[in-house]
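Working notes for the structure below.
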Amino acid sequence: MITILLADDQRLVRAGFRSILDDEDDLHVVGEVSDGDEAVAGCRELRPDVVLMDIRMPGTDGIEATRRITADPRLTEVRVVVLTTFDLDDHIYGALRAGATGFLVKDTEPEELLQAVRVAARGDALISPSVTRRLIAEFAGRVKAPEPGPRLNALTDREREVMELVAAGLTNDEIAGRLLLSPATAKTHVSRIMSKLDVRDRSQLVVLAYETGMVSPGWLTE
């Protein structure tokens, strides 16, 4: 059973999401909150698998709440999916940097919402990877790229190859095909990279790839 916390200041939005999610046998909404402070407290109390987090809420917003959740060592298994009205909201990149697994547009189709929650709970893929990549590149390109940091020095040449392909939005199976590896080996490489770089999930690898200059903002696909 995948447990979900809804964080949105609009009661009707929460009710709509709850209706869709609770209708599934493997999904269960364990709580609803209306601001960022309540979202952090709710995560600490309920330990949900996934938080659907509105970015714009009164008081503590969704970005700061996401930052607090992902920084809490007690909540390492909680995945945050941020919600926005527009798919290129300026705040989305900040949310991904704060540790969000991905994002959803509020008017997404029910089937996409269900798939996104399940994918986020697994922690093994981005939500809407092509759109997320486009968004990261859009906002990363507005600032001067930092000099490559020492963090990437811990990676082997093969691990750098794998990380570049993760940043390009490839799945483990696609990485395996590209590099002539087994899917299990590709998955092991990705897990080892995340451990070495101390990141929570694949979306954080994408952000780090852009911010360290491993991937340039203009490189969306290969």
Side-chain angles (χ1 to χ4, degrees), residues 49-50 63 66-82 92-103 115-222:
D49 298 307
V50 177
I63 295 177
T66 297
R67 186 176 294 110
R68 293 181 191 176
I69 291 167
T70 59
D72 191 330
R74 296 168 295 179
L75 303 177
T76 56
E77 300 302 315
V78 177
R79 297 289 180 256
V80 179
V81 176
V82 294
I92 292 289
Y93 183 57
L96 291 173
R97 290 192 66 190
T101 294
F103 75 96
Q115 180 184 11
V117 169
R118 291 174 177 127
V119 168
R122 293 198 303 267
D124 62 359
L126 287 167
I127 309 303
S128 303
S130 62
V131 179
T132 304
R133 270 202 321 279
R134 178 164 58 92
L135 181 140
I136 291 173
E138 170 82 14
F139 296 113
R142 296 183 184 183
V143 298
K144 183 179 179 180
E147 292 296 322
R151 295 176 68 183
L152 299 185
N153 293 339
L155 302 182
T156 65
D157 289 343
R158 173 62 85 186
E159 288 167 347
R160 284 174 176 267
E161 283 184 288
V162 171
M163 184 170 170
E164 288 176 357
L165 295 176
V166 170
L170 274 65
T171 65
N172 288 343
D173 286 348
E174 290 167 340
I175 292 171
R178 181 74 65 90
L179 299 180
L180 303 180
L181 305 171
S182 71
T185 300
K187 182 177 180 180
T188 297
H189 278 308
V190 173
S191 297
R192 186 175 295 126
I193 293 166
M194 290 193 292
S195 177
K196 284 185 175 182
L197 299 180
D198 192 27
V199 297
R200 289 166 59 92
D201 52 37
R202 296 172 82 97
S203 66
Q204 300 309 296
L205 283 183
V206 175
V207 171
L208 188 61
Y210 277 98
E211 292 188 333
T212 58
M214 173 181 279
V215 177
S216 68
W219 182 51
L220 298 182
T221 58
E222 276 288 332

Name each donor-acceptor pair under 3.5 Å that joins a side chain in residues 182-192 to protein atoms two or more places apart or in another chain, with its distance.
from, atom 1, to, atom 2, distance (Å)
Ser182, OG, Thr185, N, 3.0
Ser182, OG, Thr185, OG1, 2.8
Thr188, OG1, Ala184, O, 3.0
Ser191, OG, Lys187, O, 3.1

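Among the candidates Val207, Thr66, Ile63, the single residue satisfying the side chain to side chain contact (heavy atoms under 4.5 Å, CB included) test with Arg97 is Val207. Checking Val50, Asp49, Ile69 one by one against Val78, the side chain to side chain contact (heavy atoms under 4.5 Å, CB included) holds for a single residue, Ile69.
The CZ atom of Arg202 sits 9.0 Å away from atom CD1 of Ile193, with the distance rounded to the nearest 0.5 Å. With rounding to the nearest 0.5 angstrom, the CZ atom of Arg200 is 5.0 Å from the CZ atom of Arg79. Going from atom CG of Leu181 over to atom CD1 of Ile175 covers 9.0 Å, rounded to the nearest 0.5 Å.
A donor-acceptor pair under 3.5 Å is absent between the side-chain atoms of Glu164 and the main chain of Glu159, judged by distance alone. With hydrogens and angles disregarded, no donor-acceptor distance shorter than 3.5 Å links the side chain of Arg160 to the backbone of Met214. Distance alone, capped at 3.5 Å, places no donor-acceptor pair between the Thr70 side chain and the Ala100 backbone. Gln204 places no side-chain N or O within 3.5 Å of a backbone atom of Ala98 that could act as its donor or acceptor partner.
Under the side chain to side chain contact (heavy atoms under 4.5 Å, CB included) criterion, Glu161 pairs with Arg158, Leu179, not counting sequence neighbours.
Residue pairs meeting the salt bridge (Lys or Arg N to Asp or Glu O under 4.0 Å) criterion with at least one partner in residues 66-75, sequence neighbours excluded, are Asp37-Arg68, Arg44-Asp72, Glu64-Arg67, Glu64-Arg68, Asp72-Arg74.
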